[in-house]
Amino acid sequence: VQLQASGGGLVQAGGSLRLSCAASGRTFSIMSWFRQAPGKEREFVAGINWSGGSTYYTDSVKGRFTISRDNAKNTVSLQMRSLKPEDTAVYYCAARSRATIISRRWYDFDYWGQGTQVTVSS
């Protein structure tokens with residue numbers, strides 16, 4: 001089982017980036033994105049259930065980020081708009097199997113990608 005994240009980079013404040021995460025080896029009921037800034041704890045960003053009918057965002061990204069998934073390709077994406085310097089972090093995709101609730105707790109997730117750096121300059 002492997003999660004491969006991509007799409008990070010350097011962008012100016014107000015810009016956009018799209019992160020993608022490709023899963024292999026199995027499918028997952030819940031897929032989410034977390035982020036971790038230097039010196040800070042890992043933080044939940046967004047999550048989505050199998051059907052895509054339920055999504056959940058942390059307050060600081062609501063209205064700016066959109067999570068989506070393509071089950072045929074076994075991928076999850078995070079479209080990030082109106083980026084702010086405080087969005088700078090390493091972003092990780094995470095997945096759970098046999099779950100129906102989109103948890104905000106990192107320790108509920110069984111599988112993790114390697115992380116991709118997002119840097120937003122002011």
Side-chain angles (χ1 to χ4, degrees):
V1 176
Q2 188 175 18
L3 299 178
Q4 183 72 37
S6 61
L10 173 64
V11 64
Q12 289 188 333
S16 299
L17 280 175
R18 184 178 181 88
L19 305 183
S20 294
C21 177
S24 60
R26 67 175 304 162
T27 56
F28 300 97
S29 55
I30 302 295
M31 299 191 79
S32 296
W33 289 93
F34 287 75
R35 65 187 179 187
Q36 188 165 18
K40 295 187 177 181
E41 293 186 355
R42 191 165 296 192
E43 160 185 49
F44 172 85
V45 177
I48 189 168
N49 70 346
W50 171 259
S51 70
S54 180
T55 57
Y56 189 42
Y57 299 90
T58 194
D59 287 345
S60 63
V61 308
K62 284 180 181 177
R64 301 189 298 122
F65 291 11
T66 302
I67 189 170
S68 61
R69 67 187 294 169
D70 184 337
N71 291 335
K73 297 180 179 179
N74 209 8
T75 59
V76 62
S77 297
L78 186 69
Q79 178 67 51
M80 306 185 293
R81 298 182 176 88
S82 301
L83 283 161
K84 304 175 181 180
E86 50 263 43
D87 294 318
T88 295
V90 177
Y91 283 69
Y92 299 89
C93 59
R96 299 181 70 189
S97 56
R98 303 177 184 176
T100 57
I101 297 174
I102 302 172
S103 173
R104 298 169 59 95
R105 302 177 301 192
W106 64 265
Y107 48 83
D108 282 336
F109 287 78
D110 307 305
Y111 303 96
W112 291 85
Q114 84 285 8
T116 184
Q117 176 71 47
V118 172
T119 303
V120 184
S121 63
S122 58

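Since we're looking at a predicted model, the values are computed, not measured. Along the sequence shown, residues carry numbers from 1.
Under a hydrophobic clustering in which Ile, Leu, Val, Met, Phe, Trp and Tyr are joined whenever their side-chain heavy atoms come within less than 4.5 Å, directly or via other members, V76 and I30 fall into different clusters. Under the 4.5 Å side-chain heavy-atom criterion for Ile, Leu, Val, Met, Phe, Trp and Tyr, V61 and L83 are members of the same hydrophobic cluster. In the hydrophobic cluster analysis, where Ile, Leu, Val, Met, Phe, Trp and Tyr join through side-chain heavy atoms closer than 4.5 angstrom, V118 is grouped apart from Y92. W50 is not connected to W33 by any chain of hydrophobic side-chain contacts under 4.5 Å among Ile, Leu, Val, Met, Phe, Trp and Tyr, and they are in different clusters. Cluster annotation: L10 is not connected to V90 through the hydrophobic network of ILVMFWY side chains, with a link wherever side-chain heavy atoms come within less than 4.5 Å.
Ring centroids of F28 and Y111 are separated by less than 6.0 Å, placing the two rings close together. F44 and Y57 have their aromatic ring centers separated by at least 6.0 angstrom.
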In sequence, state the C-alpha distance, the side-chain angles, and the governing distance for C21 and Q4, and then conclude on side-chain contact (heavy atoms from CB on, under 4.5 Å). CA-CA 5 Å; C21 177; Q4 183 72 37; over 6 Å; no

Applying side-chain contact (heavy atoms from CB on, under 4.5 Å), run through R18 and M80 and close with a yes or a no. CA-CA 6 Å; R18 184 178 181 88; M80 306 185 293; over 6 Å; no

List the steps, then state whether ring pair (Phe, Tyr, Trp, His ring centres under 6.0 Å) holds for F34 with W112. CA-CA 10 Å; F34 287 75; W112 291 85; 5.1 Å; yes

Mind running side-chain contact (heavy atoms from CB on, under 4.5 Å) on R81 and T66 for me, showing each step along the way? CA-CA 9 Å; R81 298 182 176 88; T66 302; 4.1 Å; yes

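Using a 4.5 Å cut-off between side-chain heavy atoms of Ile, Leu, Val, Met, Phe, Trp and Tyr, I101 forms no hydrophobic cluster with any other residue.
Of the inter-residue distances, the one linking T55 atom OG1 with I48 atom CD1 reads 6.5 Å to the nearest 0.5 angstrom. Taken from CZ in R69 to OG1 in T75, the straight-line distance is 9.0 Å, to the nearest 0.5 Å. The distance from the CD atom of Q79 to the OG atom of S16 is 6.0 Å, given to the nearest 0.5 Å. Taking OG of S60 as the reference point, atom CZ of R35 lies at 4.5 Å (rounded to 0.5 Å). Taken to the nearest 0.5 Å, the CG atom of L78 stands 11.0 Å off from the OG1 atom of T116. Rounding to the nearest 0.5 Å places OG of S82 at 7.0 Å from CZ of R64.
The nearest pair of heavy atoms linking S122 to A13 is CA-CB, 4.4 Å. Residue L19 comes nearest to G8 through the heavy atom pair CD2-N, 3.5 Å, listed as atom of the first residue, atom of the second, then distance. A37 and A89 get closest at one heavy-atom pair: N-CB, 3.8 Å.
Under a 3.5 Å cut-off, the side chain of Q36 and the backbone N or O of Y91 do not form any donor-acceptor pair. N74 places no side-chain N or O within donor-acceptor distance of the main-chain N or O of N71, the cut-off being under 3.5 Å. A donor-acceptor pair under 3.5 Å is absent between the side-chain atoms of S77 and the main chain of S20, judged by distance alone.
Taking a 6.0 Å sphere around CH2 of W106, one finds it holds 12 or fewer heavy atoms contributed by other residues, nucleotides or ligands.
Q117 and T119 form a side-chain donor-acceptor contact under 3.5 Å, judged by distance and modelled atom types alone.
In this structure K62 satisfies the salt bridge (Lys or Arg N to Asp or Glu O under 4.0 Å) test together with D59, sequence neighbours excluded. With sequence neighbours left out, R105 forms a salt bridge (Lys or Arg N to Asp or Glu O under 4.0 Å) with D108.
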